[in-house]
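From a predicted model like this one, the values you see are computed outputs, not experimental measurements.
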Amino acid sequence: MIYTVTLNPSIDYIMRLNDLEFGETNRAKVTELYAGGKGIMVSKLLHNLNVETQNIGFLGGFTGDYIEKLLDELGILHDFTKVKGNNRINVKLKMDLETEVNAPGPDISQQELEDFYEKLSGIEGGIVSFSGSVAANMNKDIYIEMIKKLSPNTRFTLDTTGDVLLKSLDYHPLLLKPNQNELEEIYGDKFNSKEEIISYIKSTMIPKAGYVICSLGSDGAIFVSANNSFYIPIVKGKVINSVGAGDSMVAGFIYAYLNEMSEEDMFKMAVASATATVFSYDMGEKNQIDEIFGKLKIINMGENNGN
């Protein structure tokens with residue numbers, strides 16, 4: 001089973017406008033409501049690839065009830081820990097430029113946290129995907145505490161930043177997914193080339209992490225393992241939605257890993273999934289992912305690069 005952890009779920013309220021004038025009354029052309037939060041996004045993409053997942057995390061209040069309703073309508077399993085506070089509503093303004101206003105979410109009590117730890121401790125085997133913001137009264141180190149609760153035979157992926165990413169290496173993540181800016185923040189300087197990024201990942205993260213995928217934004221993405229390093233340039237097309245692209249990348253990797261694809265195809269599936277979401281109004285669909293997968297240009301950056 002794949003478990004996706006969303007510590008701070010949301011209702012994503014999408015408003016599509018022609019333009020936005022501050023200080024004036026603006027009218028949206030279209031509005032949409034989606035269940036949001038990075039773990040939920042991972043589940044939604046995997047659902048489109050016909051992979052069953054279980055969503056866990058914290059839900060509460062009328063917004064939590066609505067998130068559950070949206071997941072039920074999609075046929076996505078969930079077993080959230082109930083909390084007293086309301087989950088957040090994030091507003092996404094879609095025009096030529098995207099503008100987001102993300103709310104902080106509810107505080108989580110110690111008892112609610114202990115209840116969630118009990119769920120994590122009960123997971124035996126499978127993969128747990130950790131990603132996204134944490135509750136307002138938590139710090140990011142909470143991910144390390146949660147990882148410690150997992151059984152030894154449970155693998156995990158982690159999409160986070162800074163010291164937490166480095167600390168997670170002690171627990172041998174299956175996948176880490178930083179972007180270039182996040183890596184440079186850890187590194188303390190700018191990288192001058194893709195080769196420098198690969199060398200840094202090799203020296204600091206591999207082999208404690210099984211795989212690392214680093215997004216380069218408009219320049220594509222890099223994949224690094226103990227044996228290989230690959231680069232895929234960005235796929236050109238009409239950008240509709242950037243929300244959930246990174247989560248789709250994680251989901252695509254998990255799908256490929258479960259299906260025992262080659263490392264090259266694992267990376268291609270990750271990039272194809274992310275790209276399909278960018279070209280969609282919500283999450284990428286399987287036929288779209290498969291079509292993009294077949295068109296991707298992958299560049300071998302050299303075996304054992306940086307060692």
Side-chain angles (χ1 to χ4, degrees), residues 2 4 6 12 14 34-51 53 92 94 98 100 127 129-132 157-161 165 173-183 194 197 201 209 211-225 229-259 261-299 301:
I2 310 303
T4 64
T6 310
D12 286 351
I14 311 297
Y34 297 107
K38 292 177 76 64
I40 288 174
M41 299 289 196
V42 173
S43 271
K44 287 165 71 175
L45 194 286
L46 283 168
H47 178 74
N48 290 351
L49 292 172
N50 301 314
V51 176
T53 62
K92 319 281 186 180
K94 305 285 188 176
E98 294 184 14
E100 300 184 10
I127 299 172
S129 174
F130 293 99
S131 57
T157 69
L158 180 64
D159 182 2
T160 191
T161 61
L165 185 144
L174 175 63
L175 171 74
L176 296 176
K177 198 209 71 60
N179 61 40
Q180 182 173 345
N181 289 338
E182 290 163 350
L183 275 188
K194 297 175 185 65
I197 297 172
I201 290 172
Y211 307 93
V212 176
I213 298 177
C214 178
S215 170
L216 308 178
S218 61
D219 198 23
I222 285 170
F223 173 100
V224 183
S225 72
S229 54
F230 302 117
Y231 165 66
I232 294 179
I234 195 167
V235 180
K236 293 183 179 180
K238 184 180 179 181
V239 176
I240 296 174
N241 166 45
S242 63
V243 176
D247 313 313
S248 299
M249 186 171 277
V250 172
F253 168 86
I254 291 173
Y255 172 86
Y257 181 81
L258 291 174
N259 283 278
M261 292 183 176
S262 67
E263 292 189 353
E264 183 174 337
D265 285 349
M266 279 196 283
F267 185 32
K268 288 173 67 177
M269 180 57 69
V271 172
S273 299
T275 305
T277 291
V278 169
F279 294 166
S280 304
Y281 284 101
D282 190 15
M283 308 302 287
E285 298 286 346
K286 188 177 189 306
N287 60 345
Q288 189 181 20
I289 293 168
D290 290 342
E291 181 182 352
I292 294 168
F293 179 94
K295 295 178 179 178
L296 289 176
K297 177 184 178 183
I298 188 165
I299 298 168
M301 300 295 287

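Nearest heavy-atom pair across S43 and T53 is OG-OG1, 2.7 Å. Closest of all the heavy-atom pairs between I201 and C214 is CD1-CB, 4.2 Å. Nearest heavy atom pair, residue A245 against residue A274, reads O-CB, 3.3 Å. Nearest heavy atom pair, residue I232 against residue F267, reads CG1-CE2, 3.4 Å.
By the side-chain contact (heavy atoms from CB on, under 4.5 Å) test, A35 pairs with I40, I67, L70, L71, sequence neighbours left out. For S225, the side-chain contact (heavy atoms from CB on, under 4.5 Å) criterion is met by Y211, F223, N227, N228, E263, not counting sequence neighbours. Looking at residues two or more places apart in sequence or on another chain, you find a side-chain hydrogen bond (donor to acceptor under 3.5 Å, both in side chains) between D290 and K286. Scanning for side-chain contact (heavy atoms from CB on, under 4.5 Å) contacts around E285 gives N48, N287, with sequence neighbours left out. With sequence neighbours left out, the side-chain contact (heavy atoms from CB on, under 4.5 Å) criterion links Q288 to A276, F279, S280, I292.
Looking at V243 and M41, their side chains come closer than 4.5 Å, going by heavy atoms from C-beta outward. I298 has its side chain within reach of E264: a pair of non-hydrogen atoms, C-beta onward, lies under 4.5 Å apart. In this structure the side chain of L216 reaches within 4.5 angstrom of the side chain of I197, judged on heavy atoms. Side-chain contact between P178 and V212: present, with at least one pair of heavy atoms (C-beta onward) separated by less than 4.5 Å. Side chains of D247 and L45 form no contact here, defined as non-hydrogen atoms less than 4.5 Å apart. Using a 4.5 Å heavy-atom threshold, the side chains of M269 and N259 count as separate. With contacts defined as side-chain heavy-atom distances shorter than 4.5 Å, the pair T160/F130 does not qualify. The shortest side-chain heavy-atom distance between T157 and K177 does not fall under the 4.5 Å cut-off.
To the nearest 0.5 Å, atoms OG (S218) and CD1 (I234) are separated by 6.0 Å. Remark: I222 CD1 to I213 CD1 distance equals 11.5 Å, nearest 0.5 Å. A distance of 12.0 Å separates CE of M283 from NE2 of H47, quoted to the nearest 0.5 Å. The distance from the OG atom of S129 to the CG atom of L46 is 8.0 Å, given to the nearest 0.5 Å. Note: Y34 OH to D12 CG = 10.0 Å, rounded to the nearest 0.5 Å. Distance check, rounded to the nearest 0.5 Å: NZ of K92 to CD of E98 gives 9.0 Å.
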Run the side-chain donor-acceptor check on residues 248-258: report pairs under 3.5 Å with partners two or more places apart or on a different chain.
residue : atom : partner : partner atom : Å
S248    : OG   : G244    : O            : 2.8
S248    : OG   : T277    : OG1          : 2.7
Y257    : OH   : R155    : NH1          : 3.3

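The backbone N or O of N179 lies less than 3.5 Å from no partner atom in the side chain of S215, so there is not a single donor-acceptor pair.
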Worksheet entry | Intermediate values then yes/no, side chain to side chain contact (heavy atoms under 4.5 Å, CB included), L165 and E182 | CA-CA 10 Å; L165 185 144; E182 290 163 350; 5.8 Å; no
